[in-house]
2 protein chains.
Amino acid sequence: MRTVLVTGMSGLIGGIVRRRLEGRYELFALNRRAVPGIHTYRADIADFDAILPAFEGKEVVIHLAGHLGEDWEGNLHTSIIGTYNVYEAAWRHGVQRIIYASSGAVIGGWEREEPYKALVEARYQDVPFPWPLVNHETPLRPRSLYGCAKAWGEILGRYYADAFGISVLCIRIGHVTAEDRPTRLPADWANWCSQRDIAQMIERCVEAPASLRFGIFYALSDNRWRYRDIEYARRWLGYAPQDNAEAFRPQE
Amino acid sequence: MRTVLVTGMSGLIGGIVRRRLEGRYELFALNRRAVPGIHTYRADIADFDAILPAFEGKEVVIHLAGHLGEDWEGNLHTSIIGTYNVYEAAWRHGVQRIIYASSGAVIGGWEREEPYKALVEARYQDVPFPWPLVNHETPLRPRSLYGCAKAWGEILGRYYADAFGISVLCIRIGHVTAEDRPTRLPADWANWCSQRDIAQMIERCVEAPASLRFGIFYALSDNRWRYRDIEYARRWLGYAPQDNAEAFRPQE
């Protein structure tokens with residue numbers, strides 16, 4: 001079985017990943033707290049020397065750990081320094097692939113402008129048809145400090161892929177919810193991602209050919225009102241989402 | 001006279017900026033060492049509380065300070081934490097515009113691929129005509145850790161412009177040299193920028209209309225073999241470079 005190290009396994013998406021991959025890969029966690037039933041390397045991700053041993057002998061790293069919040073100290077500690085440490089430790093131990101949990105927040109600033117604004121506010125009468133999509137080549141435009149810190153991990157990933165030959169696949173994750181359905185936020189009709197769809201995306205990134213050196217993919221369900229491109233992931237990863245936020249729309 | 005705070009005034013470009021702007025603006029320096037003849041706020045840029053007073057009453061900030069090198073600690077300290085501190089302090093004191101000294105290194109990774117590789121290696125027989133240009137919308141592709149750290153400042157700048165209404169103009173500076181001519185590096189035929197051309201670019205950024213909320217511009221001389229777009233800067237800033245690396249080509 002291939003060896004896979006997961007950071008942030010105690011989070012929502014970490015649990016989803018665990019359930020999808022357990023038994024088919026040899027899973028390890030890098031986490032502050034022990035993850036029950038999983039061999040856990042316990043360390044603070046901002047402590048390079050402490051996390052380094054966790055990467056020895058691992059083929060794939062799924063880097064989910066990040067700071068959820070707008071305070072600078074937390075973003076600096078966990079997402080900026082921590083993510084640098086993960087890339088550097090992975091490279092030093094010859095890890096073949098890093099799957100980096102980025103976020104739609106890195107381009108969410110486009111939602112300040114039409115037609116994206118109308119789409120996430122569910123003002124569909126104001127949306128041209130067809131509407132332009134944001135894709136993997138659209139300039140970064142973070143909507144938050146969290147989004148800036150997530151973008152940092154993509155930029156660093158591009159550099160590590162180019163300079164050191166490690167495969168880096170970045171997933172710009174949409175809104176995954178604990179209740180596994182869209183919330184009352186109007187933006188969820190565009191940006192929601194079901195648990196089985198994010199699980200599929202991550203699994204396809206683990207399984208993608210080694211020749212895929214760098215990529216940026218959007219993880220969304222097949223939502224009618226999405227503005228983020230999923231065709232690129234369909235083409236290069238075979239991503240085929242099974243859900244659609246529209247199925248949860250109240251019927252009149 | 002408008003008040004302008006310059007970080008990193010003791011560097012090569014800092015000196016060029018000083019000579020161009022002195023007497024026409026009220027100049028201040030934020031620097032570790034005192035800059036002779038200039039009111040200097042002496043502080044470590046990574047110390048937020050220490051630098052905050054320097055921003056009071058300033059209309060424009062020209063942020064040149066950055067770490068030149070590939071070590072993580074230096075990049076983290078000066079370019080990542082320091083640049084965050086500059087944006088945050090500028091915002092808190094109501095600064096109207098930040099001119100951020102970015103670098104061509106943020107897209108220099110494209111030089112790993114043709115036809116950019118041929119251009120910077122001066123293998124002109126391998127270059128198609130016309131060749132594609134890298135512009136302000138081309139995806140970031142740092143060529144170094146330095147380039148990653150510089151890209152961080154652009155991303156953060158986009159966020160501060162969007163979220164707080166501060167005008168942020170990013171200049172991706174080419175190779176400015178102390179001797180003010182191309183060096184023996186073949187890439188200089190493409191990427192060189194003369195001292196008077198970078199001075200003009202920075203001055204035009206200071207003078208650009210307040211309605212220019214965010215922009216990314218390449219500062220290069222009018223080099224025949226350039227691959228970075230300068231038309232966008234010509235259009236929106238009126239940038240008109242006066243030099244061309246080709247003028248320094250040895251005659252046969």
Side-chain angles (χ1 to χ4, degrees), chain A residues 46 48 70-73 75-77 79-85 87-89 91 102 105-113 117 134-165 168 170 213-216 232, chain B residues 46 48 70-73 75-77 79-85 87-89 91-92 102 105-113 117 134-165 168 170 213-216:
Chain A
F48 181 75
E70 285 296 286
D71 56 295
W72 168 238
E73 291 304 327
N75 277 290
L76 175 63
H77 184 90
S79 300
I80 295 176
I81 297 173
T83 296
Y84 171 80
N85 286 345
Y87 280 113
E88 181 66 13
W91 169 68
S102 184
V106 304
I107 52 82
W110 290 105
E111 295 174 8
R112 297 172 183 273
E113 286 184 11
K117 190 165 189 291
V134 166
N135 69 21
H136 61 289
E137 295 183 321
T138 304
L140 290 163
R141 191 170 178 180
R143 73 159 143 238
S144 54
L145 191 59
Y146 167 80
C148 294
K150 281 290 173 187
W152 162 252
E154 292 189 5
I155 288 165
L156 204 56
R158 179 94 210 211
Y159 170 60
Y160 270 81
D162 275 343
F164 304 115
V168 177
C170 304
R213 179 70 63 81
F214 181 78
I216 291 173
Y232 188 72
Chain B
F48 181 75
E70 285 297 286
D71 57 294
W72 169 237
E73 290 304 328
N75 277 290
L76 175 64
H77 184 90
S79 300
I80 295 176
I81 296 172
T83 296
Y84 170 81
N85 286 345
Y87 281 112
E88 181 67 13
W91 170 68
R92 292 219 196 157
S102 184
V106 304
I107 52 81
W110 290 105
E111 295 174 8
R112 298 172 183 272
E113 286 184 12
K117 190 166 189 290
V134 166
N135 69 23
H136 61 289
E137 296 183 321
T138 304
L140 289 164
R141 190 170 180 181
R143 72 158 144 237
S144 54
L145 191 59
Y146 166 80
C148 294
K150 282 289 174 187
W152 162 253
E154 293 189 6
I155 289 165
L156 204 56
R158 178 94 211 213
Y159 170 61
Y160 270 80
D162 274 344
F164 304 115
V168 177
C170 304
R213 180 70 62 80
F214 181 80
I216 291 174

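Since the structure is predicted, the reported quantities are computational estimates derived from the model, not experimental observations. All heavy atoms count here, side chains included; hydrogens, waters and symmetry mates do not. Convention: sequence-line order gives letters A, B, ...; per-chain numbering from 1.
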B:Arg158 versus chain A, the contacting section by heavy-atom distance below 4.5 Å: side chain

To the closest 0.5 Å, what do you measure between CZ (B:Arg92) and CZ (B:Phe48)? 4.0 Å

Under 4.5 Å, counting heavy-atom pairs only, tell me which of A:Ser144, A:Ala151, A:Pro142, A:Ala163 racks up the most with chain B. A:Ser144

A:Leu140 versus chain B, the contacting section by heavy-atom distance below 4.5 Å: both

Give, as side chain, backbone, both or neither, the part of A:Arg141 having an atom under 4.5 angstrom from any heavy atom of chain B. both

Correct closest heavy-atom pair for B:Val106 and B:Ser102 would be CG1-OG, 3.6 Å

Using a cut-off of under 4.5 Å on heavy-atom pairs, state which of B:Thr138, B:Leu156, B:Leu145 scores highest against chain A. B:Leu145

Chain B: which of A:Glu88, A:Glu137, A:His136 shares the most heavy-atom pairs with it under 4.5 Å? A:Glu137

Any side-chain heavy-atom pair from A:Tyr87 and A:Val168 closer than 4.5 angstrom? yes

Sort out for me which of A:Tyr159, A:Trp152, A:Tyr160 touches chain B most, counting heavy-atom pairs under 4.5 Å. A:Tyr159

Using 4.0 Å as the upper bound for N to carboxylate O, is an ion pair formed by A:Lys150 and A:Glu154? no

Tell me which of these, B:Asp162, B:Ile216, B:Ile155, has more heavy-atom pairs under 4.5 Å with chain A than the rest. B:Asp162

Which pair of heavy atoms, one from B:Glu111 and one from B:Arg143, lies closest together, and at what distance? OE1-NH1, 2.9 Å

Determine yes or no for a side-chain-to-main-chain donor-acceptor pair under 3.5 angstrom, with B:Trp110 supplying the side chain and B:Pro139 the backbone. yes

